[in-house]
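Just so it is clear, the structure is predicted and the values come from calculations on it, not from any experiment. Letters go in sequence order (proteins before strands), and every chain restarts at 1.
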Amino acid sequence: MSDRDSSELESRTRYDPAEVEPRIAARWLESGLFHPPAEGTAAENYSIAIPPPNVTGSLHMGHAYQDAVMDALTRRHRMSGQRTKWILGTDHAGIATQTQVERLLVSEGTSREQIGREQFEVRVWEWREQYGGQIIGQLKRFGASCDYDDERFTLDAHYADAVARVFVALYEKGYIYRDRYMVNWDPGSRSAISDLEVEEREVTDTLFYIDYPLANGDGLVTVATVRPETMLADTAVAVNPGDDRYRGLIGETVILPLVGRELTIIEDAYVKPEFGTGVLKITPGHDPNDFAIGRSHGLDEISVIGEDGLITAAAPERFRGMTAMEARAAVVSELREQGSIRREDPYEHTVPFSQRSGERIEPLVSLQWFMSMDELANPAIEVVREGRVRFHPPSNTRVYMDWMENIRPWVISRQLWWGHRLPVWYRGDETYVGVSPPDGEGWERDPDVLDTWFSSALWPFATLGWPDHTPELRAFYPTDVLVTARDIIFLWVARMIMMGLEFTGEPPFSDVHIHAIIQAPDGRRMSKSLGTGIDPLDLIEGGPRPPVFAEGGAFPAYGADALRWGLLAMASSQDVRFSEERIAQGLQLTNKLWNAARLILLGVAPDARPGLAPVAVEDRWILSRFERASNEIGERIERYDFSHAALALYDFVYGELCDWYLELVKPRLRAGEPDVAATLLHVLVGTLALSHPIIPFVTEEIYGFIPGAKGLLAAGIQLERASVDNGAESSVGRVIEAVQAMRAWRDFSEVRAGAIVPARLGASGYDDTREHLARLARLSFSSDGGDPVASVPVPGGVVEILPSAEVDTGAAERKRDTRRATLEQEIERSERKLANSGFVEKAPADVVRAEREKLERLRAELGAL
RNA sequence: GGGCGCGUAGCUCAGUGGGAGAGCGCUCGCUUCACACGCGAGAGGUCGCUGGUUCGAGCCCAGCCGUGCCCACCA
């Protein structure tokens with residue numbers, strides 16, 4: 001270590017992430033370490049494809065957590081020497097991006113319709129130029145070790161070509177087809193959307209009971225509906241075939257009020273006799289159930305509500321041009337006037353809303369492109385069943401299977417302008433589907449674009465150059481693991497598996513880690529619109545504490561390491577509340593590690609090097625404990641159990657390395673013992689390497705000060721392994737217990753904190769650690785002296801406290817009484833347990849033996865008092 | 001309606017059959033030459049409720065209560 005290093009370490013008494021992290025991030029990026037050569041095979045290499053964030057989005061807490069997980073995995077594998085690629089890119093995010101730009105246009109007093117499609121696309125690309133780099137910059141600041149030299153975008157020319165090829169191939173196989181069918185129409189985005197983009201919300205509507213007179217004038221039937229305006233499109237009335245009340249009416253006709261159309265009374269088992277009146281109006285044009293019934297009975301499909309949300313020419317003249325809600329009011333008012341409404345009840349139920357626009361879904365029959373999923377689903381079910389793709393935790397397997405086994409066709413066309421335009425052209429009745437435009441005159445391209453998730457489904461291989469047989473594809477596909485939250489298992493994970501199998505013959509990853517969702521501190525969803533979001537960058541660099549926190553004020557600059565550690569530590573179950581305390585704990589950990597390193601690096605000789613040369617029992621102890629911690633943390637990470645890995649790391653650094661080992665060896669370090677310097681450096685470097693995947697910045701920074709260290713810690717290091725040493729563990733474990741017992745006694749007995757207390761060691765097993773006990777408990781051992789004023793039990797015997805001015809005998813006496821009472825209680829409990837014949841006969845022998853030994857110990861201690 | 005979770009110290013959470021733990025907060029004591037974003041020692045839980053299995057239950061089983069999320073075509 002140079003003098004400059006030394007004086008720098010001397011002065012930097014606190015770890016300052018705000019100063020360190022940007023500097024380290026820059027070194028990583030310059031190193032080229034994150035851009036692996038496209039060599040070897042996917043089996044020997046390691047790769048993860050990032051769930052591509054929206055191109056114009058910014059890093060939110062979900063990303064931060066997910067990226068901490070992926071980076072821990074990526075860094076760990078890279079350090080082990082594998083070629084490791086974290087595939088990076090962004091998603092064009094059709095509806096989301098288009099909506100943002102449309103909002104901008106509105107604020108400029110124009111609209112996409114006014115400026116036209118071509119100009120609109122220009123504006124979106126401009127928007128992308130302006131905001132597209134933001135999240136990438138944030139990932140760099142976060143320390144995510146993605147391959148930034150190889151960034152993809154789902155609308156790149158090559159990617160677009162892959163999308164078109166997939167479309168054409170599936171069309172040629174007959175899986176993709178055009179059809180008039182009922183879809184979820186989102187009036188907000190004026191597009192069809194898929195079932196997965198719809199969410200059900202509780203609303204209170206009015207249930208209207210409306211009389212439909214029989215055509216023969218002989219009475220009427222009453223139907224119940226919450227959407228009276230759709231009656232304008234009724235094409236039948238249905239009853240349950242087993243419903244005796246209406247059996248005689250089947251085949252009869254009723255007159256549709258306000259319209260006058262004759263409707264046949266049909267029978268269908270779907271109708272629930274107990275609901276309403278047991279008579280259901282059938283509106284195939286505006287209700288998914290009615291649509292199905294209509295198709296099976298061959299009914300007409302009338303659309304009285306158009307894609308613009310207005311009443312169409314299919315309805316009576318006087319309703320035309322009204323919005324659906326206006327039409328409802330008009331219909332109800334006319335029905336009321338003619339006395340056709342028999343009842344109105346408030347009715348609570350769930351109705352579909354668009355997740356995107358938040359508007360109520362209008363089910364419509366529409367001409368759209370669909371994709372049949374059954375053929376693709378079967379192999380995707382098979383790979384999971386065979387365990388070639390595994391979910392972690394495994395409970396998600398069932399969620400996946402249930403959905404896949406009941407999969408329905410997917411509406412893939414969207415009436416948007418931002419996205420992959422369908423590779424489809426029309427001329428009169430002709431349809432042409434191909435990757436390039438058809439020859440000849442008069443062809444018109446389909447204006448629609450594909451659902452964003454269609455292109456996302458190709459992500460793991462389209463990013464690597466598919467359909468070309470690139471070296472990247474060979475080296476990094478299939479990827480190893482997919483890390484995501486459970487909300488996109490269907491939207492994305494399932495579809496990637498299906499597409500991967502169909503087009504590459506292999507599943508795109510072998511493991512799927514479904515991680516916890518971080519909720520706001522108050523338990524609500526973290527979301528910008530709810531005001532419950534927390535910006536990860538505010539935690540990293542310091543920023544205002546948002547209103548979800550009661551305290552207010554500003555976050556300190558915790559740094560990316562603290563955020564990463566905190567997020568990993570807090571998230572074990574499927575939902576977890578955000579806890580700022582955990583982030584603060586992460587900062588403590590980085591500061592602790594920094595200062596432990598300062599102690600070691602400023603204490604050892606300049607020519608000291610890491611080495612395995614344990615001489616004292618505590619050296620063997622720390623090496624053994626490190627070995628265990630290393631194994632445990634490694635296993636936890638490999639099993640996607642990041643919270644326990646993070647907590648185990650904290651426990652090792654605090655509870656073993658700093659609290660005990662460093663305290664135990666301070667005298668030897670000051671004395672300049674070369675062996676202890678070697679062990680200290682060895683353990684320090686080992687700890688840095690072990691923690692690097694979780695807290696990369698501070699570990700890299702410290703590594704730069706290790707004497708003789710070359711290159712980057714992120715590249716991995718060679719470290720000789722020690723072995724577990726049970727003897728050393730038990731010997732040091734014993735002295736730790738003894739020190740704690742002595743400190744507790746001192747505190748209780750009100751002995752002055754700094755006082756050295758004369759004592760006599762009346763316990764065995766301290767041959768190697770007698771001096772440690774004396775120093776850490778501030779005792780001065782002697783072999784003579786008068787009667788002890790107190791006797792403190794420690795493992796293997798007692799420490800007898802000799803009279804001195806430092807010890808208040810009254811306090812010592814109180815201590816003794818308390819201890820006596822505790823001992824008596826515990827002895828009674830233990831005796832009772834051992835007197836229980838059931839326990840002695842049935843419990844395992846070692847449990848019983850341990851209980852007997854404990855009882856003896858307690859009795860001996862009581863005797864000594 | 002079906003499924004997946006959760007309910008343990010004031011707060012956020014570990015703990016899956018043999019004497020209740022961590023971090024933060026709180027109390028007491030320490031300006032001990034790595035760190036006051038520090039060190040040491042404490043106080044504080046009938047482990048949601050009720051039954052059951054077991055020699056023994058925070059942990060296993062059943063039911064109930066509370067709470068969060070996902071899926072689902074009852075007008």
Side-chain angles (χ1 to χ4, degrees), chain A residues 9 13-15 200 207-208 223-227 230 238 270-272 274-277 279-283 287-293 347 349-350 352 363 393 395-396 398-399 402-403 406 486-487 489-490 516-517 519 521 523-525 556 558 562 566 569-582 584-585 587-603 643-644 647 650-651 655 658-659 662-663 666 670 739-740 743-748 750-754 776 778 826 829-830 833 836-844 846-848 850-851 854:
Chain A
L9 277 179
T13 59
R14 273 191 198 177
Y15 178 66
E200 299 288 325
L207 186 60
F208 297 91
V223 302
T225 180
V226 292
R227 300 200 61 197
T230 66
Y270 170 79
V271 182
K272 303 262 186 301
E274 67 280 6
F275 188 94
T277 58
V279 185
L280 178 64
K281 73 187 206 45
I282 304 297
T283 320
D287 181 277
N289 300 309
D290 294 7
F291 179 79
I293 294 170
Y347 183 62
H349 63 149
T350 61
S395 55
N396 293 290
R398 185 167 167 183
V399 178
D402 286 351
W403 188 75
N406 297 295
R486 63 184 183 283
D487 53 352
I489 292 180
F490 311 136
I517 291 175
Q519 301 171 328
R524 287 187 292 167
R525 273 181 81 88
Y558 287 112
M570 78 178 77
S572 57
S573 61
Q574 73 173 17
D575 295 310
V576 67
R577 292 185 187 202
F578 180 83
S579 148
E580 186 182 345
E581 288 74 24
R582 283 293 190 206
Q585 198 182 346
L587 177 58
Q588 285 174 15
L589 176 63
T590 57
N591 187 55
K592 194 72 175 173
L593 210 46
W594 172 251
N595 276 293
R598 286 179 67 233
L599 172 70
I600 295 168
L601 295 169
L602 291 170
S643 66
H644 289 99
L647 293 167
Y650 184 95
D651 286 345
C658 293
D659 288 352
L662 296 184
E663 294 304 329
K666 270 179 181 172
R670 294 210 187 92
V739 168
Q740 286 173 329
R743 285 170 175 169
W745 174 83
R746 289 178 66 113
D747 208 62
F748 188 91
E750 293 168 13
V751 175
R752 194 166 55 85
L776 297 178
R778 291 175 193 261
E826 293 198 0
R829 198 198 60 76
S830 187
K833 194 165 183 178
N836 180 342
S837 61
F839 174 72
V840 179
E841 285 159 23
K842 297 191 181 174
D846 57 323
V847 173
V848 178
E851 192 62 37
K854 186 200 297 174

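Not counting sequence neighbours, the partners of A:Lys666 by the salt bridge (Lys or Arg N to Asp or Glu O under 4.0 Å) test are A:Glu663. Every residue two or more places apart in sequence or in another chain that forms a side-chain hydrogen bond (donor to acceptor under 3.5 Å, both in side chains) with A:Glu580 is listed here: A:Arg545, A:Tyr558. Every side-chain hydrogen bond (donor to acceptor under 3.5 Å, both in side chains) that A:Thr230 has, sequence neighbours left out, goes to A:Lys281. Legend: residues meeting salt bridge (Lys or Arg N to Asp or Glu O under 4.0 Å) with A:Arg577, ordered by chain and number and at least two apart, are absent. Residues that satisfy the side-chain contact (heavy atoms from CB on, under 4.5 Å) test with A:Tyr347, not counting sequence neighbours, are A:Leu207, A:Val226, A:Phe275, A:His349. Residues meeting the salt bridge (Lys or Arg N to Asp or Glu O under 4.0 Å) test with A:Glu581, sequence neighbours left out: none. Residues satisfying the side-chain hydrogen bond (donor to acceptor under 3.5 Å, both in side chains) criterion with A:Arg227, sequence neighbours excluded, are A:Glu229, A:Glu362. Looking at residues two or more places apart in sequence or on another chain, you find no salt bridge (Lys or Arg N to Asp or Glu O under 4.0 Å) involving A:Asp487. Residues passing the side-chain contact (heavy atoms from CB on, under 4.5 Å) test with A:Ala569 are A:Trp565, A:Arg582, A:Ala646, A:Leu647, sequence neighbours excluded.
Atom-to-atom, CZ of A:Phe839 to P of B:U54 comes out at 18 Å; the value is rounded to the nearest Å. Atom CZ of A:Arg577 and atom P of B:U67 are 12 Å apart (whole Å). Between the CZ atom of A:Arg582 and the P atom of B:G25 there is a distance of 13 Å, rounded to whole Å. Atoms CG (A:Leu647) and C1' (B:U12) sit 12 Å apart, rounded to a whole Å.
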I'd like a list of close polar pairs between nucleotides 44-46 of chain B and the protein, N/O only, cut-off under 3.5 Å.
none

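Taking the C1' atom of each, B:G44 and B:G1 are spaced 44 Å apart, rounded to whole Å. Using atom C1' as the reference point in both B:U53 and B:C61, the two lie 7 Å apart (nearest Å).
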key: Protein-to-nucleotide contact annotation, 5' to 3' order, nucleotides 26-41 of chain B [B base; S sugar-phosphate only; - none; under 4.0 Å, heavy atom]   = ------B-BB-BSSBS
request  = Do nucleotides 68-75 of chain B as a string where each nucleotide becomes B, S or -: B if the base has a protein heavy atom under 4.0 Å, S if just the sugar-phosphate does, - if no protein is that close.
outcome  = BS-SSBBB
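Ranked by how close their nearest RNA chain B nucleotide is to the 5' end, A:Met570 and A:Gln585 are led by A:Met570.
Looking only at side-chain heavy atoms (C-beta outward), A:Val848 and A:Phe839 come within less than 4.5 Å of each other. In this structure, A:Thr13 and A:Trp594 have side chains that are not in contact, with every pair of non-hydrogen atoms separated by 4.5 Å or more.
Within the 4.0 angstrom heavy-atom criterion, base atoms lie near A:Pro844. Residue-level contact check: A:Val576 touches the backbone only, with heavy atoms under 4.0 Å from sugar-phosphate atoms and none from bases.
Checked against B:C13, B:C4, B:G18, the side chain of A:Ser395 finds its nearest nucleotide in B:C4.
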